[in-house]
Structures are given as C-alpha cells and as structure tokens.
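Written below as structure tokens is the structure these notes are about.
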Amino acid sequence: MIAVGVLVSGVGTNLQAILDACRAGRIDARVAIVVSNLPGVRALDRARAAGVATVVVDPLAFPDREAFETELVRVLKSSGVELVCLAGFMRLLSPRFLRAFPSRVINIHPALLPAFPGLHGPGQALAYGVKVAGCTVHFVDEGTDTGPVILQAAVPVQAGDDEPALAARILVQEHRLYPRAIDLIARGRVGVEGRRVRIEGAADATGALVNPALDG
Ligand code: GRF
C-alpha cells in the first residue's frame, strides 16, 4: 500500500475523494499526511475528520522558497510519503523539490491539457468556446501544468454553462479520476517514456483517455 502525502490550499474536495477511496479500500493507498501552505482551510478539517495527520507549512515563515521547500520535503519524508499528490495546492514547486520525489509528484488540473493550463481552466474553456472540457491527472514537472499526462476525463460543455456550472461538472470527474490514478501508480501499472505515460493492462495500452460517461 503506497503512502500518499496530499498538498492542499483550499476546500479539499479532491482530498475528500482520495480519503473516501482509501477508507473504502477502493485504492491501494493510505494518506500518511496532509500539508497545507495556508492555516484554517477546509481541507485540514477534512483530514482531521478522517484521522489523518496535518501540518501547515507557511511559506511566510521561511526566508526563501528553498527553505520552505526543504521543510516541505522533511515533513513528507518523515511521514514516509512515497507519492505526493497536489490537490488544489496553489504554490509552484521547484526542480529541487521534484528531485526529492522523482516521478512521484502528481497534480489534478480542471482542463484537458495542454489546453487551458494555469488558473481558471473551466473559465478559459468557456471563453474559448470548446464543446468538450474535462480534467487531467499529470506528473508534475518544472512548468505550470506541463508534465506527462496520466489520465484524462472529458465532459460536455452545455449551452447554458457559466464557469461555476462547468467547473462543478468537471469536479465530479476529478473525484473519480484522481483516486484511480493513485491506485494505478500504487500498483506499479504506470510507466513513463519521455512524455508518454503507459498504463499496463489498460485496454488501449495507454489508458490516457478515460471517458467516465462510457465506463459506467
Ligand atoms: C480543483 O479544481 C483542481 O482541479 C484544481 O484545484 C481545485 C481544487 O479543488 N487543481 P479542491 O480543493 O480539491 O476542492
């Protein structure tokens, strides 16, 4: 069972989905620690309610990013974390942090990357006028939402959508996709060859496109 550290900054609905999947035994993982860069966020309450250890690592308490990240790494390693999951974590991580967990830092983004990286993915998708939106779980590299894609899920854009409506439809799929990606990594079924991620045992040999509307 893989030990997961979840990094949060906010509401924590993806964290909740991961906690629920672990508790139900649906994934081969346990959340060892939840780390927030902000005190008082709802995600910390969710972790405590699930009996999971929490830590706030406030960047303002450190002289620079290097010192902040050194502490992040120390906290995660001392909890035995093998896989770092960013779940609404609003800080960019440096190559130095990523080197501490090679190919073991993943993120969920509310758009079909490489379209609409950065903030407000659903809003960007609406403004562009796309007909299909979705979410992506990807490995984190030094760019913003640029790392190799692990899984994606698509949702339709509907005529009356505003940003909150589309974001909510995408979020439902995020909550399915993120635990699934964690489980695949935990079971050693995810391989990376350059930018291409292979999912062993997946019907199409890549598993890169998952359409939850089709897989029940
Ligand atoms: C999600 O939309 C996720 O895709 C993005 O940040 C949001 C976090 O939401 N990275 P929550 O805190 O998990 O509810």
Side-chain angles (χ1 to χ4, degrees), residues 4-23 26-27 29 31 33-50 52 54-57 72 83-93 97-98 105-128 130 132-157 161-183 185 208-210 212:
V4 173
V6 185
L7 271 50
V8 298
S9 304
V11 179
T13 65
N14 278 288
L15 167 66
Q16 190 69 58
I18 295 165
L19 290 169
D20 291 348
C22 290
R23 190 178 45 204
R26 281 189 277 116
I27 64 175
V31 178
I33 191 162
V34 171
V35 184
S36 175
N37 62 310
L38 297 172
V41 296
R42 178 89 196 281
L44 291 168
D45 297 332
R46 295 177 188 273
R48 287 187 205 106
V52 170
T54 63
V55 180
V56 175
V57 183
L72 266 188
L83 176 67
V84 179
C85 297
L86 312 186
F89 185 65
M90 300 304 286
R91 305 282 302 193
L92 292 177
L93 295 168
F97 178 92
L98 299 175
V105 184
I106 63 176
N107 181 45
I108 187 152
H109 180 73
L112 291 175
L113 294 171
F116 316 129
L119 296 175
H120 302 291
Q124 293 184 58
L126 277 180
Y128 195 91
V130 296
V132 177
C135 50
T136 303
V137 178
H138 63 94
F139 286 109
V140 175
D141 66 9
E142 56 281 0
T144 301
D145 304 321
T146 51
V149 170
I150 304 169
L151 293 176
Q152 293 184 305
V155 305
V157 178
D161 275 350
D162 56 11
E163 185 171 352
L166 179 58
R169 190 175 310 118
I170 293 169
L171 198 59
V172 171
Q173 301 308 329
E174 292 183 37
H175 298 162
R176 300 183 62 192
L177 208 63
Y178 214 177
R180 183 184 304 198
I182 292 168
D183 187 56
I185 291 171
L209 180 64
V210 175

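First listed ligand is number 1; within each ligand, the first listed atom is number 1.
Contact atoms of ligand 1 toward Pro110: 2 (O), 4 (O), 5 (C) (distance under 4.0 Å to a heavy atom of the residue).
Atoms CD1 and CD1, from Ile27 and Ile18 in turn, are 7.0 Å apart once rounded to the nearest 0.5 Å. The distance from atom CZ of Phe116 to atom CG of Asp145, rounded to the nearest 0.5 Å, is 13.0 Å.
For the pair Ile108 and ligand 1, the shortest N or O to N or O distance falls below 3.5 Å. Here's the thing with Leu15: none of its N/O atoms is less than 3.5 angstrom from an N/O atom of ligand 1.
At the shortest separation from atom 7 (C) of ligand 1 among protein heavy atoms lies Gly88 CA, 4.2 Å. Protein heavy atom at the shortest distance from atom 4 (O) of ligand 1 is Glu174 OE1, 2.7 Å. Shortest contact from atom 9 (O) of ligand 1 to any protein heavy atom: Asn14 ND2, 3.9 Å. Of all protein heavy atoms, the one lying nearest to atom 14 (O) of ligand 1 is Thr13 OG1, 2.6 Å. Looking from atom 12 (O) of ligand 1 to the surrounding protein, the closest heavy atom is Gly12 N, 2.7 Å.
For the pair Arg42 and Asp45, the salt-bridge criterion is not met [side-chain N within less than 4.0 Å of a carboxylate O].
Side-chain atoms of His109 never come within 3.5 Å of backbone atoms of Thr146 as a donor-acceptor pair (strictly under, hydrogens ignored). Under the 3.5 Å distance criterion, the side-chain polar atoms of Gln152 are matched with a main-chain donor or acceptor of Leu113.
For the pairing with Ile106, the side-chain contact (heavy atoms from CB on, under 4.5 Å) check across Ile182, Val84, Leu86 returns one residue only, Ile182.
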